[in-house]
Protein chains: 2
Amino acid sequence: MKIGDLSKKTGVSLRSLRYYEEQGLLQPERSENGYRLYSPFAVDQVRTIQLYLRLGLSTEQIAGFLHCVMKNKEAFCREIMPVYETKLREIDEQIASLTAIRSNLIERIEAIRGESASTKGEIP
Amino acid sequence: MKIGDLSKKTGVSLRSLRYYEEQGLLQPERSENGYRLYSPFAVDQVRTIQLYLRLGLSTEQIAGFLHCVMKNKEAFCREIMPVYETKLREIDEQIASLTAIRSNLIERIEAIRGESASTKGEIP
DNA sequence: GTTGACCTTCACATCAATGGTAGGGTTTAT
DNA sequence: ATAAACCCTACCATTGATGTGAAGGTCAAC
């Protein structure tokens with residue numbers, strides 16, 4: 001299958017498919033004329049890549065375990081657990097940071113509402 | 001006060017001070033030799049800029065209300081409320097997105113723990 | 001009059017995945 | 001044989017605040 005076919009089947013752009021290859025996530029054969037040739041299996045592989053990208057993993061992290069995950073279940077790829085744990089910690093940090101900012105914002109919003117209301121004499 | 005002084009007083013790098021000027025957040029005078037000259041007031045102003053940056057606002061957004069906020073209390077700057085509200089919505093979206101990813105990650109981590117434990121016969 | 005500590009502008013690099021484009025080769029259908 | 005529809009590589013751009021460095025002007029102290 002050529003790159004355009006794979007793109008249509010997966011909904012992933014040509015640009016991204018070539019990028020995934022550059023990052024070591026795909027290794028298509030090449031035909032005589034230099035065209036990339038993908039096995040039907042590549043459709044699954046690209047979907048799997050996208051799944052992990054949506055989890056916020058980098059192509060580098062994905063490259064570290066994709067090979068294993070395409071052959072086995074996640075539970076049998078020991079490379080994957082530390083990646084998940086690292087990512088989970090990162091996400092918890094990000095959520096904590098955003099939550100703090102959120103509280104700060106809400107405080108400010110309420111302070112403004114309160115002050116501008118009292119300024120307008122709306123709270124006698 | 002020259003840029004080095006302002007940098008030391010605020011802990012903000014020269015690079016960032018010049019960037020803030022480029023973004024319209026600071027308008028120092030210039031001495032005859034072309035050096036930036038800041039009023040003592042600029043210290044407060046830079047601290048205020050940093051405060052808003054830490055809230056996740058962009059220099060462009062800050063530029064929209066900084067002038068007002070440096071003279072009045074936030075409650076009197078009508079430009080600020082929509083910015084806060086927009087930012088709050090963004091943050092809520094980000095938290096929601098991260099929370100969804102977090103749940104997905106935790107599910108996967110637990111699935112792996114479960115499977116690898118049962119594989120090892122640790123759960124009889 | 002020279003050293004060193006300032007200051008200036010300009011410009012490139014960062015991070016990461018993706019979009020876009022230019023310039024050129026191949027294949028397929030008419 | 002030509003046009004349409006593919007494919008290739010190799011770039012540059014995006015985002016936004018900041019780091020870094022070159023090339024050079026200014027100034028104070030000695």
Side-chain angles (χ1 to χ4, degrees), chain A residues 1-38 42 45-64 66 83 86-87 90-91 93-94 97-98 101, chain B residues 1-38 42 45-64 66 83 86-87 90-91 93-94 97-98 101:
Chain A
M1 153 173 38
K2 286 186 293 184
I3 195 170
D5 303 321
L6 183 58
S7 173
K8 272 165 203 147
K9 284 188 189 174
T10 60
V12 173
S13 72
L14 305 184
R15 180 68 181 83
S16 293
L17 292 175
R18 296 193 185 110
Y19 177 69
Y20 297 162
E21 179 179 355
E22 196 182 305
Q23 300 301 305
L25 299 176
L26 294 174
Q27 294 90 23
E29 307 286 312
R30 295 289 182 134
S31 67
E32 276 186 9
N33 54 24
Y35 288 12
R36 289 167 179 84
L37 290 183
Y38 298 90
Q45 191 152 352
V46 171
R47 295 213 176 106
T48 302
I49 292 169
Q50 292 262 304
L51 182 153
Y52 288 120
L53 284 175
R54 277 192 299 269
L55 274 181
L57 303 185
S58 68
T59 55
E60 192 183 352
Q61 289 174 316
I62 298 170
L66 183 63
V83 174
T86 299
K87 190 70 199 175
E90 280 176 24
I91 290 192
E93 278 167 24
Q94 287 170 18
S97 164
L98 286 172
I101 291 177
Chain B
M1 165 172 29
K2 286 186 293 185
I3 194 168
D5 303 322
L6 183 57
S7 173
K8 272 163 204 151
K9 285 188 189 176
T10 59
V12 174
S13 71
L14 306 182
R15 179 68 178 85
S16 293
L17 292 175
R18 297 193 184 110
Y19 178 69
Y20 297 162
E21 178 179 355
E22 195 182 305
Q23 300 301 304
L25 299 177
L26 295 174
Q27 294 92 22
E29 306 286 312
R30 295 289 181 134
S31 67
E32 276 187 7
N33 55 23
Y35 289 11
R36 287 167 178 83
L37 290 182
Y38 298 90
Q45 190 152 349
V46 170
R47 295 213 176 103
T48 303
I49 292 169
Q50 292 261 305
L51 182 153
Y52 289 121
L53 284 175
R54 278 193 299 270
L55 276 181
L57 303 185
S58 67
T59 54
E60 191 183 352
Q61 289 174 317
I62 297 171
L66 183 64
V83 174
T86 298
K87 190 69 200 175
E90 280 174 24
I91 290 191
E93 278 167 23
Q94 288 169 19
S97 164
L98 286 172
I101 291 177

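In what follows, chains carry the letters A, B, and so on, assigned in the order in which the sequence lines appear, proteins first and then strands, with residues in each chain numbered from 1. The shown structure was predicted, so the numbers you read here are calculated from the model rather than taken from an experiment.
With DNA chain C read from its 5' end, the first of the two nearest nucleotides for B/Y38 and A/S13 is the one closest to B/Y38.
The interatomic distance linking A/Q23 (CD) with C/dA17 (C1') rounds to 9 Å, in whole Å. At whole-Å resolution of the value, CD in A/E22 and P in C/dA17 are 11 Å apart. Summarising the geometry, the separation between CG on A/L17 and C1' on C/dG20 is reported as 16 Å, rounded to the nearest angstrom. One atom, CG of B/L6, and another, C1' of C/dC6, lie 15 Å apart when rounded to the nearest Å. We find that CD of B/E21 is positioned 12 Å from P of C/dC10, with the value rounded to whole Å. One interatomic measurement links the two molecules: CG of B/L25 to C1' of D/dG16, which rounds to 13 Å at whole-angstrom precision. If you take CG of A/L14 and P of C/dT18, they are 13 Å apart, rounded to a whole angstrom. Across the protein-nucleic acid pair, A/Y20 atom OH and C/dT18 atom C1' stand 9 Å apart, rounded to whole Å.
In this structure a side-chain-to-backbone donor-acceptor pair under 3.5 Å is present from B/Q45 to B/L25.
The heavy-atom pair separating B/Y20 from B/Q50 by the smallest distance is OH-NE2, 2.7 Å. Of all heavy-atom pairs between B/L98 and A/I91, the closest is O-CG2, 3.8 Å. Looking at every heavy atom in both residues, B/L17 comes nearest to B/V12 through CD2-CG1, 3.9 Å. When every heavy atom of A/D5 is checked against every heavy atom of A/M1, the shortest pair comes out as CB-CG, 3.4 Å.
Within a heavy-atom distance below 4.0 Å of DNA chain C, no residue of residues 47-61 of chain B is found.
A heavy-atom distance below 4.5 Å is found between the side chains of B/R36 and B/R30. Between B/K2 and B/L37, the closest side-chain pair of non-hydrogen atoms falls below 4.5 Å.
With rounding to the nearest 0.5 angstrom, the CG atom of A/L14 is 8.5 Å from the NZ atom of A/K8.
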(request) Going 5' to 3' through nucleotides 21-26 of chain D, assign each nucleotide B (protein heavy atom under 4.0 Å from a base atom), S (under 4.0 Å only from sugar-phosphate atoms) or - (no protein heavy atom that close). (result) ----BB
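A close approach under 4.0 Å does not occur between any side-chain nitrogen or oxygen of A/R36 and OP1 or OP2 of D/dC7. The side chain of A/S16 places no N or O atom within less than 4.0 Å of a non-bridging phosphate oxygen (OP1 or OP2) of C/dA17. The side chain of B/Y19 places an N or O atom within less than 4.0 Å of a non-bridging phosphate oxygen (OP1 or OP2) of D/dA17.
A salt bridge links A/E90 and A/K87; the closest N-O separation between the charged side-chain nitrogens and carboxylate oxygens is under 4.0 Å.
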